[in-house]
Trainee: 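Structure below; questions to follow.
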Amino acid sequence: MNSARLRNTDVIVNLGALRHNIRTQKAALPANSQIFGVVKADAYGNGMTQVAQVLSEEGVAGFCVALLDEGLTLRDAGLQETILVLGITPVQYALIAAENGISLTVGSLAWLRDYQKVAQANGVKKPLKVHLGLDTGMGRIGFQEPADLAAAIKFLAAPEFEFEGIFTHFATADSADQTYFERQLTKWRAFLAVVKDRPRYVHMANSATGLWHQSVIENNTVRMGISLYGCNPSGHEIKPTFELQPVTSLVTHSTFVKKLHRGESVSYGATYTAKEDEWVATLPVGYADGYRRGLTGYHVLVDGQKCDILGRICMDQMMIRLPHEMPVGTAAVLLGRSGNEEITATDLADQLGTINYEILTGLGDRLHRKYIDTND
Ligand SMILES: *Cc1c(COP(=O)(O)O)cnc(C)c1O
């Protein structure tokens, strides 16, 4: 499904805020740090190629994606920077990465051996750029022992490979308790001790590490994700020392307005019944757009005022109580600022018992993305 352009509903992506967020964070990082912009999952719902273009203008060293397909989309869009696939790519597709100069994460010697066979059988000329992933405690992918890492590095001397990077990922960099982080850091350092010639990119920092553990980054590359989009990776637990500006808003316009009379009900299950006469607007957004049904009972913003959602959120529509009669076409902010009120992705996440990442990445493809630049 293409995004819907004919319902006056937009995910508004503020590229000026994106620029603000990368510039402020870059200024706070140690000198010689580089940034990989993490643009997986459609740049956390903001539109991968549009976001990557701006980050390219801001001088990032490269991009991180989750999947090879995402990397190819960036190459097709003409981006020339390093592109690293963070997940493990099945060996059978890795030749496509080599041909397109896309770097892959590798977490085992067995994978490298399999790839070498495939590459030799196909007479591939271009070496595959490899980042070795190290599991220091995330428990997801990667080498677990320094000795295995050393063996893999040795194997990477073969002409089928270019040893481009080495990295790990922290499980608790967004937590006030540093115990587990310190344990991972110690393990990371033990891994680095067996790396005699360091590759071009050495990276261990996600947004949270970049925000709260700057002193341990050392000539490193930061994989910056959620903080680029103006969200706090820790939710509320720890505050960034500088302002991050939210990049993403969701604004719709009412399609129907009526007076609901006392005793009349709204939506599936008739769970809401008006206690008095009131004005009700219908909005053309629902859980199929990623505005989750669990937000039933929450509110949206109209003219800087909180307006309750009435009854259950439907697949494609929802109803709200207006403060007074307002015309069809009135704007309603589901995520973002209206007057002095604001609904952040973290607010929506709190309501749903999840994290702001899931709110942003859950914004559906059906929602049209509109790009603005506050500096315009
Ligand atoms: C998604 C991801 C990131 C980005 O994390 P943020 O918390 O959004 O900064 C960095 N590194 C890896 C390995 C990831 O999977």
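In each ligand, atom 1 is the first atom listed, and ligand 1 is the first ligand listed. Start at 1 with the first residue, then count along the sequence.
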Trainee: Distance to 0.1 Å, residue and atom name: give those for the protein heavy atom nearest to atom 5 (O) of ligand 1.
Mentor: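 Of the protein heavy atoms, Tyr44 OH, 3.7 Å lies nearest.
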
Trainee: Is there a donor-acceptor pair under 3.5 Å between the side chain of Arg75 and the backbone N or O of Asn100?
Mentor: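 A pair under 3.5 Å: yes.
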
Trainee: Can a donor-acceptor pair be found between the side chains of Thr282 and Gln317 at a distance below 3.5 Å?
Mentor: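 No donor-acceptor contact under 3.5 Å links the two side chains.
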
Trainee: Using the six-membered ring wherever Trp is involved, compare the ring planes of His131 and Tyr201 and label them parallel, tilted or perpendicular (cut-offs 30° and 60°).
Mentor: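 Parallel.
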
Trainee: Is the shortest distance from a Lys or Arg side-chain nitrogen in Asp135 or Lys187 to a carboxylate oxygen in the other one below 4.0 Å?
Mentor: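 No, no charged N to carboxylate O under 4.0 Å.
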
Trainee: Nearest protein heavy-atom contact for atom 15 (O) of ligand 1: which residue, which atom, what distance?
Mentor: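 Looking at atom 15 (O) of ligand 1, the protein heavy atom closest to it is Lys40 NZ, 2.8 Å.
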
Trainee: Considering only non-hydrogen protein atoms, determine which one is nearest to atom 10 (C) of ligand 1 and report residue, atom name and distance to 0.1 Å.
Mentor: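 The protein heavy atom lying closest is Arg223 NE, 3.4 Å.
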
Trainee: I need the nearest protein heavy-atom contact for atom 12 (C) of ligand 1: residue, atom name and distance, please.
Mentor: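 Protein heavy atom at minimum distance: His169 CE1, 3.4 Å.
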
Trainee: Does the ring center of Phe161 lie less than 6.0 Å from the ring center of Tyr115?
Mentor: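 Yes, close enough.
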
Trainee: Should Val38 be counted as touching ligand 1, given the test is an N or O pair under 3.5 Å?
Mentor: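 The answer is no, given that Val38 and ligand 1 share no N or O pair closer than 3.5 Å.
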
Trainee: Atom 9 (O) of ligand 1: which of Cys64, Ala208, Gly37, Ser207 has the nearest heavy atom?
Mentor: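 Looking at heavy atoms only, Ser207 sits closest to atom 9 (O) of ligand 1.
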
Trainee: Which heavy atom of the protein is the closest neighbour of atom 7 (O) of ligand 1, given with residue, atom name and distance?
Mentor: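 Going atom by atom, the protein heavy atom closest to atom 7 (O) of ligand 1 ends up being Tyr357 OH, 2.6 Å.
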
Trainee: Is the shortest N/O to N/O distance between Ile226 and ligand 1 below 3.5 Å?
Mentor: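 Right, the criterion is met.
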
